[in-house]
Amino acid sequence: MSDKIPGVRVRMAPSPTGSPHVGLVRTALFNWAFARHHGGTFVFRIEDTDKERSTDESLNAIIDLMHWLGLEWDEGPEVGGPHGPYFQSQRSELYADALARLLEAGHAYPCFCTNEEVEARRKESGSKVMGYDGFCRNLDAETIATYNAEGRASVPRLRMPDGSITWNDLVRGEVTFETRFVPDYALARANGDPLYTLVNPVDDAYMEITHVLRGEDLLSSTPRQIALYAALRDVGIAKLTPEFGHLPYVLGEGNKKLSKRDPEAHALAYREQGFVPEGLLNYLALLGWAIAADRDIFSLEEMVEAFDIKDVNPNPARFDLKKCEAINAAHVHRLSVEEITDRALPFLKRDGVLTDPVSPADQQLLELAMPFVAERVNKLTEVGELLRFLFIADADFALDAADRAKLVDTDEGQAVIQAAYDALLRAEPWSAARISDMLQHALVEEMGLKPRVAFGPVRVATTGKRVSPPLYESLELLGRERTLARLQSALG
RNA sequence: GCCCCCGUCGUCUAGCGGCCUAGGACGUCGCCCUCUCACGGCGGUAACGCCGGUUCAAAUCCGGUCGGGGGUACCA
């Protein structure tokens, strides 16, 4: 296939404010997959111009997240690169220089209007177009000098061209804006601080970004950026105007964007909850993209191979936690038992199921037990829930209150447990097969109970819950002593 | 208000003029498997917003309409 575009350079440029959002992950994933598919470069840049809201904590969370996901970048924090620095806070001179050149060439001009003046003129004229009206567009040099001498504040505005601006959006096709609906906009604050409108394209220009894939919320600012690019090229800062592709929103409940208030929005929370990166990424890829008509489980490598930005669906997508969990489960089940064990270990320690470091005996027990739980967990955190009974100290072992009341503290439950105790006392050797024989004989054949009725009380008495790994194997691993002790203590 | 984007099952999607009495997945319902829970298997449920037009033929193309979203900042 020769669908490869040479020299692709894409980027993701998050602001380190707050906890990273799944929308950010989806955008990063699509950019990353696009770069990898075409053998291009994935740039990671930090937009920390907002000093008030940017935090190191957020920055570290984003970097940590990217590493966890395995979306490695070719240029950016930690790895550097030829177009650094990769933090906007360290690129101020570049913005000041760009601004000076734009002003010098007449692509931008100082505007002395206040919001109130603009608004008053708009009302008076009855214009339907909101925003700036271009009042200061053609001030002569003398007037500007006079205003400056008077100490009047001004902001630099980009002079929008006449006519219309059209681009071929990579996900939406041709989009056109009449520039009379796109006012001349501010490039910096009156105090000189550059604004996003300037900084983002300037960085993309210097970093020679060829394709900008970003959220559809930036769609309407694209004509302004394309106009800026033309100016930037004229003053020798930009070599090219990138192509744009606007990715659909990730929605939460209702029809609103998934907001920081929604618990599903926090990307790092998925790691805490035991999701695997393969699963989260696969699910997020499905929000707007499909690898094939009848398939939705795939690896990152397969996505890279198949990904084409033109196949991205422009519709907004609703985040569905249930499906996300199902996709994640499919990926967990693709892993080997050893792999699941390794990945579950940190959670077992975190949740107090295992000590840190793990004793050799516990390690061995864990390895013996994992085959019975690997296929029944959907998230890594569920391993601990299923295996806690094996590792818990005798003193801490307790039965689930509801399960106990229903299955153990009943006449039938007591009778079953007594019979199980008597039978297992004579189980020799202590193996799952032998345990099975003894319990079947004593409870099903002798007592005439249905299997599900017979084993429920035993399960609760020995594992503490109604839900556990397979009973015979669980008891074998638990050992004769502990099994009998637990049955004993469930009696009376 | 004005500008722009979007519109297929509850949800995510496949579909790019005939293969569609619209396919898959999640969910949901029923059944099977079964020592619990999962897994797995089988089956059911459910959608082209609406109206025109183009065409022998439209979910697919065009127009309109309705609905949803975004923008309209010295936020990003």
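Reminder, nothing fancy here: chain letters follow the sequence lines and each chain counts from 1.
Side-chain N/O atoms of R295(A) include none lying less than 4.0 angstrom from OP1 or OP2 on G24(B). Between R189(A) and C75(B) there is a side-chain N or O to OP1 or OP2 distance below 4.0 Å. Side-chain nitrogen and oxygen atoms of R224(A) include none within less than 4.0 Å of the OP1 or OP2 phosphate oxygen of U72(B). A close approach under 4.0 Å does occur between a side-chain nitrogen or oxygen of N313(A) and OP1 or OP2 of A14(B). The phosphate of U8(B) has OP1 or OP2 within less than 4.0 Å of a side-chain N or O from N315(A). Proximity of R466(A) to the phosphate of U36(B): no side-chain N or O atom is located under 4.0 Å from OP1 or OP2.
Under a 4.0 Å N-O distance rule, the pair E119(A)/R121(A) does not qualify as a salt bridge. Salt bridge annotation for R53(A)-D48(A): absent, with no cationic side-chain nitrogen under 4.0 angstrom from a carboxylate oxygen.
Heavy atoms of L218(A) sit under 4.0 angstrom from at least one base atom. Using a 4.0 Å heavy-atom cutoff across all strands shown, S468(A) reaches at least one base atom of the nucleic acid. No contact: G456(A) has no heavy atom under 4.0 Å from any strand.
For G7(B), the paired nucleotide is C66(B), the pair qualifying as Watson-Crick or G-U wobble because both relevant distances are below 3.5 Å. Remark: G1(B) base-pairs with U72(B). Criterion, Watson-Crick or G-U wobble with two distances under 3.5 Å.
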Worked check of side chain to side chain contact (heavy atoms under 4.5 Å, CB included) between R11(A) and N31(A) = CA-CA 7 Å; R11(A) 49 70 171 177; N31(A) 274 286; 5.9 Å; no
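Closest of all the heavy-atom pairs between V155(A) and A190(A) is CG1-N, 3.5 Å.
At whole-Å resolution of the value, CG in D311(A) and P in C16(B) are 12 Å apart.
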